[in-house]
Amino acid sequence: MIDKIVPTLEAAVAGIPDGATVLVGGFGTAGMPFALIDALIAQGAGDLTIVSNNAGNADTGLAALLATGRVRKVICSFPRQHDSWVFDGLYRSGEIELEVVPQGNLAERIRAAGAGIGAFFTPTGYGTLLAEGKETRRIDGRDYVLEYPIHADVALIKAKTADRHGNLVYNKTARNFGPIMASAAKLSIAQVSEVVPLGALDPESVVTPGIFVSRVVVAHEETPPSW
Amino acid sequence: MIDKIVPTLEAAVAGIPDGATVLVGGFGTAGMPFALIDALIAQGAGDLTIVSNNAGNADTGLAALLATGRVRKVICSFPRQHDSWVFDGLYRSGEIELEVVPQGNLAERIRAAGAGIGAFFTPTGYGTLLAEGKETRRIDGRDYVLEYPIHADVALIKAKTADRHGNLVYNKTARNFGPIMASAAKLSIAQVSEVVPLGALDPESVVTPGIFVSRVVVAHEETPPSW
Amino acid sequence: MNKLDRNAMAARVARDIPDGAYVNLGIGLPTLVADHLPEGREIVLHTENGLLGMGPRPAAGQEDPELINAGKQPVTTLPGAAFFHHADSFAMMRGGHLDICVLGAFEVSIAGDLANWHTGKPDAIPAVGGAMDLAIGAKRVFVLMEALTKDGRPKLVRECAYPLTGKACVSRVYTDLATFEITPDGVLARDLVEGLTLGDLEGMMGVELRAG
Amino acid sequence: MNKLDRNAMAARVARDIPDGAYVNLGIGLPTLVADHLPEGREIVLHTENGLLGMGPRPAAGQEDPELINAGKQPVTTLPGAAFFHHADSFAMMRGGHLDICVLGAFEVSIAGDLANWHTGKPDAIPAVGGAMDLAIGAKRVFVLMEALTKDGRPKLVRECAYPLTGKACVSRVYTDLATFEITPDGVLARDLVEGLTLGDLEGMMGVELRAG
């Protein structure tokens, strides 16, 4: 019997080791797994590498995790925001490493990890600072940069509905990084608003098949506005 | 006003030029766009390169197209079947070129074309006849072969339901190559069982967004069994 | 000489977006283009965080925190919309499926190089978001920007001084003074505001221009 | 010596598939494994043409031509099923998400090389399908085959004579004589059929074996 539903947030994040690379879903607050991030803070793993689109906003979610000092490195596309003061402070004082990746390369690198691709040539970033030192190649008259997959130990994502197999559907633009992150981590953990009986999700509309999901936990939380 | 619905199969395949590379959906008969293939035969374009999983069965569909002598080359994963006598004859008499590609590399090469990827390293096929002469690389202890995208002029696919923007949903395992082929061709043509008003498809469940679809035509046809 | 105001600039771009186009509007000034799309044209807006068929900002009180645009502002969906994940969304861009992308810029070079992501200041925290993907992510990339900086220096330049977002990617530059078409044979200027001559404009921009 | 029959061979493999496993069963003999999955285990079957949660063949008259497996035979879906397109399906395989893949073979080498797609005959039309993807497409690749060809030559060999499907990809080989575990330190043989000694088996297979 397959039952990936775990009863508590504590059980959901159990066993995440020090030194883990953790993918964290969300674009703005949409799809950001706040409850799982809080659970990870409580769980206490350190020396983490966090891969997410941003590097935290205000003092909650990712920013709260960064504030614990347990994050060694952030890989993201857009760390600097009007309310990214936690990250900004750590970065300026040299307490955190940063790898900035164009958003589409970030997404494709995560997808490549899940899809078993060893590396790929992307046109994005060619001829810019972010491609410095990287292998390039001209193919069919266009210039490309070679990018590598981002494999992770853990993914923390948020979806709308799950069944006990871990099949997921999402809500609107909260889908964003969830499906690809689920595929790229050894341990993929989804917080969802509700669990439905097996068979209730239409097989034509499942976005993340359960094979990509290790644990599911129900977390009732309001998504705070991003604006 | 966007209205991609065309009234006839003839209009659906209008303008396909000689020498075109044509992606043809389907795995077995599921998802095979028989009506569009028949229309292409009637339309008369020649010197074609056909990209499809198989190389035709019995005397209908792709096999009928091959029998016209208008196909120069087939790129596929599995040409040889118990009823692929049309292809077999052309191949043995040297009248058709064949490029055999492992099925997952075929799918990923089509996806890469749609996704603007210049080339990618895949583990599939490494160390085999099908990788002979290809660039290889060891990445993180695993061996990979470099594969290139398959860009096409035309895609002929079959879906279940469309709206006038060309948004598509599919039926069961007839989905197969449809979504990636739609993304990889300059002119993507879908035959569907029904057209619904704009807004009738759930935005969460659209599989192929209309941006990938050029023309939609309604074709009522029974899918013949593959077995 | 009457410079175009922001709304007039946005309307000028909007006029050139044809019926049926799939379009991504960048953050900032380009977002304003949505308010000026001509009546009677059906234009499908893409937002890179996973939506085609984006509609306008909802009425106050109707905002959904899980339905936002790339600028993280609340939006709506129009009939015919579709949601997808980030890899699919950027594949759509990188694969050249969007007809037009409208972006802001610090500088555009006469070769169509774009600089719009980084001031290059040594103490700036680098942050690129989707800028580099947008720069190469459409059949045609339009830039919408003021022609001059606040202290009067031209933003259409021989070579970008700011770090590049993308090379040779801009097709056309819409400004408050004129529209510039970037071509392999040089920059064409058109739609000069009343009272501005091509000679004046060349002098202000410091690059060679031809009437287009 | 009683060789296992096809059903006993399939049952032997099925016994080793744990509860909760995601599994792809190749065409031919491996398909038979589905009929022997032990009661009480929930095992999710993948078919590479875009379905997880594949169920058994439907009753006569209930077949759906658009719901088939990789062997193009009619199947059903079980609760919890999901459909996806070909690139996603093969990404799932190539990305190592399946726990087990069960394949037929012409030959397996003691290094775990697999040959199962091509006889190598000069007049054969090459056709690979998903064989090479399956060969590398699971955490563990099990081969299910007779130990000997019809004319008595071993199919577990020092080096494959047939063209390879994949290198060093096979974890375990189930046969009608014994089960072979491919390890970096050599091949372990276990589950020898009654009346067969390790020495007999070594003699028949022509490769060095250790009791496992």
Side-chain angles (χ1 to χ4, degrees), chain A residues 27-31 53-55 57 76-81 84 87-88 91-92 98 100-108 110-112 114-115 122-131 142-143 158 160 170-181 183 207-208 222-227, chain C residues 27 47-51 54 57 63-77 81-96 113-115 117-120 123-137 160 162-169:
Chain A
F27 180 93
T29 55
N53 190 59
N54 301 107
N57 299 82
C76 73
S77 86
F78 208 82
R80 189 193 64 223
Q81 300 182 273
S84 59
F87 173 81
D88 297 0
Y91 180 78
R92 293 196 194 284
L98 171 64
V100 173
V101 183
Q103 197 171 156
N105 287 354
L106 184 67
E108 191 70 10
I110 295 167
R111 190 250 174 207
T122 171
T124 305
Y126 177 82
T128 74
L129 281 178
L130 297 186
R142 192 171 195 192
D143 292 305
K158 181 181 177 182
K160 182 183 179 191
Y170 298 82
N171 185 45
K172 306 189 180 81
T173 57
R175 185 183 305 194
N176 58 68
F177 284 93
I180 50 174
M181 286 183 169
S183 77
V207 175
T208 295
E222 293 266 306
T223 301
S226 289
W227 53 90
Chain C
I27 295 173
T47 180
E48 61 260 37
N49 54 319
L51 169 62
M54 180 171 63
R57 191 183 181 99
E63 300 92 346
D64 179 343
E66 299 200 324
L67 181 51
I68 59 176
N69 64 15
K72 294 166 189 166
Q73 295 301 307
V75 294
T76 50
T77 57
F83 293 108
F84 31 83
H85 63 59
H86 245 77
D88 280 351
S89 183
F90 281 80
M92 197 179 283
M93 295 158 68
R94 196 190 307 111
D113 293 350
L114 171 68
W117 77 285
H118 195 330
T119 60
D123 68 334
I125 298 177
V128 68
M132 290 184 182
D133 303 280
L134 288 161
I136 56 99
C160 293
Y162 288 104
L164 292 191
T165 309
K167 288 178 80 75
C169 55

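Chain letters run A, B, ... following the sequence lines, proteins first and then strands; every chain starts at 1. Since we're looking at a predicted model, the values are computed, not measured. Below, all heavy atoms of this structure are taken into account, side chains as well, without hydrogens, waters or symmetry copies.
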Between Glu108(A) and Arg94(C), is a salt bridge (Lys or Arg N to Asp or Glu O under 4.0 Å) present by the stated rule, with each step listed? CA-CA 11 Å; Glu108(A) 191 70 10; Arg94(C) 196 190 307 111; 3.8 Å; yes
Would you give the length of the straight line joining atom CG of Leu98(A) to atom CD1 of Ile125(C), rounded to the nearest 0.5 angstrom? 8.0 Å
Which bit of Lys160(A) comes within less than 4.5 Å of chain C, counting heavy atoms only: side chain, backbone, both or neither? neither
Where does Tyr170(A) contact chain C at under 4.5 Å (heavy atoms): side chain, backbone, both or neither? neither
Quick one: is the NZ or CZ of Lys72(C) closer than 6.0 Å to the six-membered ring centre of Phe27(A), and within 45° of its axis? yes
Residue by residue, which of residues 82-92 of chain C have a heavy atom closer than 4.5 Å to a heavy atom belonging to chain A? Phe83(C), Phe84(C), His85(C), His86(C), Ala87(C), Phe90(C)
Residues Asn49(C) and Lys172(A): side-chain donor-acceptor under 3.5 angstrom: no
Residue list, side chain to side chain donor-acceptor pair (under 3.5 Å) with Thr77(C), at least two apart or on another chain: none
Is there a side-chain contact between Arg142(A) and Ile136(C) in this structure, where contact means two heavy atoms from C-beta onward sitting under 4.5 Å apart? yes
Checking heavy atoms, do the side chain of Asn54(A), its backbone, both or neither come under 4.5 Å from chain C? side chain
From Thr165(C) OG1 over to Leu129(A) CG, what is the distance, rounded to the nearest 0.5 angstrom? 9.5 Å
CG on Leu67(C) to OG on Ser226(A), rounded to 0.5 Å: 11.0 Å
Is it the side chain or the backbone of Arg111(A) that comes within 4.5 Å of chain C heavy atoms, both, or neither? side chain
Between Ala30(A) and Pro65(C), the two heavy atoms sitting closest are CB-O, 3.6 Å
Given heavy-atom pairs under 4.5 angstrom as the criterion, report whether the side chain, backbone, both or neither of Val101(A) touches chain C. backbone
Polar side-chain atom of Thr173(A) near backbone of Glu66(C) as donor-acceptor pair, under 3.5 Å: yes
Quick check on Glu222(A) against chain C: is it the side chain, the backbone, both or neither that has a heavy atom closer than 4.5 Å? neither
When only pairs under 4.5 Å are counted, which of Gly50(C), Pro126(C), Ala70(C) shares the most heavy-atom pairs with chain A? Pro126(C)
Distance-minimising heavy-atom pair for Trp227(A) and Ile68(C): CZ3-CG2, 3.8 Å
Starting at OG1 of Thr124(A), measure out to CG of Leu134(C) and round the result to the nearest 0.5 Å. 9.5 Å
Heavy-atom pairs under 4.5 Å with chain C - which of Gly28(A), Pro102(A), Ala174(A) has more of them than the others? Pro102(A)
Could you tell me whether the side chain of Arg175(A) and the main chain of Leu51(C) form a donor-acceptor pair under 3.5 Å? no
Check against side chain to side chain contact (heavy atoms under 4.5 Å, CB included), Gln103(A) and Val128(C): CA-CA 7 Å; Gln103(A) 197 171 156; Val128(C) 68; over 6 Å; no
